[in-house]
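This report concerns only the one structure given below.
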Protein chains: 2
Amino acid sequence: MSTRKPAPEPTVEQVDTSYLESLVGYNARRATLVIMDAFFTNMAAYGLRPADFSVLSLIAHNSGVTSRQLCTTLNIQPPNLVGMINQLEKRELITRRPHPSDGRAMGLHLTPAGHKFMKQAELTASDLERAATARLSPAERKQLIQLLRKIYI
Amino acid sequence: MSTRKPAPEPTVEQVDTSYLESLVGYNARRATLVIMDAFFTNMAAYGLRPADFSVLSLIAHNSGVTSRQLCTTLNIQPPNLVGMINQLEKRELITRRPHPSDGRAMGLHLTPAGHKFMKQAELTASDLERAATARLSPAERKQLIQLLRKIYI
DNA sequence: TATTGTTATACTCTATAACTATA
DNA sequence: TATAGTTATAGAGTATAACAATA
């Protein structure tokens with residue numbers, strides 16, 4: 001026969017996250033969400049979500065790039081890019097021009113207004129990044145980027 | 001009058017991503033997606049998505065934890081946790097028991113089957129992590145985690 | 001009056017199937 | 001036959017409002 005008292009119902013004071021914190025994926029996801037949150041806050045003034053910004057930035061630095069190239073580079077499904085491109089064109093930040101050698105494709109370009117807009121947007125994005133990673137030294141920040149690249153390249 | 005030829009329509013051979021790659025957020029997001037993809041593939045056998053796994057793991061290491069504590073720790077909105085908890089209970093991996101000192105709350109616990117299940121699931125998750133970050137040395141992996149923690153803690 | 005857990009719901013993000021026009 | 005761009009649509013994931021029970 002058992003004379004032991006039943007185990008008292010346990011309660012948790014501080015949640016132990018040590019196992020999850022041993023996983024790169026958990027830490028990368030948490031860090032990503034923090035930076036994305038800062039992005040939403042600081043880039044709302046430009047009316048740009050992270051995906052819009054990435055697309056515009058790639059067009060800025062790759063005049064004549066095609067939708068297909070953007071999709072491949074950014075891992076975006078083509079149907080999901082259509083709306084973005086349409087809106088950016090409606091905002092007169094980009095123009096579509098026929099591709100010189102492929103009649104199916106369109107080359108994407110920034111308008112002069114788009115260039116001016118993106119110059120400022122990239123400055124703001126870089127600033128917000130530095131603020132969100134303020135606890136990292138410049139050397140640590142550089143190394144963090146190198147380590148992350150080793151995962152997805 | 002202008003006698004210059006119009007600028008030839010530019011095409012892009014290789015997309016230049018150097019600006020985006022200077023941003024921690026871009027790199028963190030890309031790396032996160034790669035690891036999450038490996039997670040989906042390898043953990044599908046357990047019927048666990050990343051959020052389910054995080055929840056189960058926290059319950060495993062914090063017997064008696066409440067839904068509210070999980071939400072705060074994992075940045076999940078309470079309504080979005082309800083369905084997860086219900087399914088995990090239906091699968092008989094967890095049980096809900098009244099909280100000993102707060103009549104509103106329920107303490108969450110793993111069943112014996114849940115413990116056995118999670119022991120294996122955590123091993124698989126750790127393995128998949130090592131595979132997804134195979135290009136990092138153990139020291140680099142450890143440092144990457146430390147750097148990421150500095151962003152979200 | 002505030003908090004836990006819950007329902008209902010809406011909104012965003014992402015993915016798939018199928019079409020057209022060009023290669 | 002394959003590819004670029006597009007349409008329509010479906011499924012995740014995530015967010016807010018409001019409620020009952022308890023603190």
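Quick note on labels: first sequence line is chain A, next is B, and so on, each numbered from 1.
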Between [N] ([atom2]) and [X] ([atom1]): distance, integer Å:
X     : N      : atom1 : atom2 : value
A:L74 : C:dA15 : CG    : P     : 13 Å
A:L81 : D:dA4  : CG    : C1'   : 12 Å
B:I94 : C:dG5  : CD1   : C1'   : 14 Å
A:F39 : C:dC13 : CZ    : C1'   : 15 Å
B:I85 : C:dG5  : CD1   : P     : 9 Å
A:M36 : C:dT12 : CE    : P     : 15 Å
B:R97 : C:dG5  : CZ    : C1'   : 19 Å
A:Q69 : D:dT3  : CD    : P     : 15 Å

Salt bridge (Lys or Arg N to Asp or Glu O under 4.0 Å) contacts in which one or both residues fall within residues 65-94 of chain B, not counting sequence neighbours: B:E89-B:R96
Sequence neighbours excluded and cut-off under 3.5 Å, please list the side-chain donor-acceptor pairs for residues 34-43 of chain A, or say none.
from: A:T41; atom 1: OG1; to: A:D37; atom 2: O; distance (Å): 3.0
from: A:N42; atom 1: ND2; to: A:A38; atom 2: O; distance (Å): 2.6

Phosphate contact (D:dA4 OP1 or OP2) by A:R96 side-chain N/O below 4.0 Å: no
Enumerate all atom pairs, one protein N or O and one N or O from nucleotides 21-23 of chain C, separated by less than 3.5 Å.
from: C:dA23; atom 1: OP1; to: A:G103; atom 2: N; distance (Å): 2.9

A:T95-A:H109 side chain donor-acceptor pair, cut-off 3.5 Å: no
Side-chain H-bond candidate by donor/acceptor type, A:T124 with A:Y46, under 3.5 Å: yes
Can you check nucleotides 13-16 of chain D for protein contacts, nitrogen or oxygen pairs under 3.5 Å, and list what you find?
from: D:dG13; atom 1: OP2; to: B:R49; atom 2: NH1; distance (Å): 2.8
from: D:dT14; atom 1: OP1; to: A:R29; atom 2: NH2; distance (Å): 2.9
from: D:dA15; atom 1: N7; to: B:N80; atom 2: OD1; distance (Å): 3.2
from: D:dA15; atom 1: N7; to: B:N80; atom 2: ND2; distance (Å): 2.9
from: D:dA15; atom 1: N6; to: B:N80; atom 2: OD1; distance (Å): 2.9

Separation of B:S63 OG from B:H115 NE2 (nearest 0.5 Å): 5.5 Å
Atom pair CG (B:N62) and CG (A:D16), whose distance is rounded to the nearest 0.5 Å: 5.5 Å
Considering all heavy atoms, the nearest A:T32-A:A28 contact: OG1-O, 2.6 Å
Residues within residues 61-68 of chain A bordering DNA chain C, heavy-atom distance below 4.0 Å: none
A:E21, CD: over 12 other non-hydrogen atoms inside 6.0 angstrom: yes
With A:E122 via salt bridge (Lys or Arg N to Asp or Glu O under 4.0 Å) - residues at least two apart: none
Co-membership, hydrophobic cluster, residues A:I85 and A:L110, 4.5 Å side-chain: yes
B:N27 and A:Y152, any side-chain heavy atoms less than 4.5 Å apart: yes
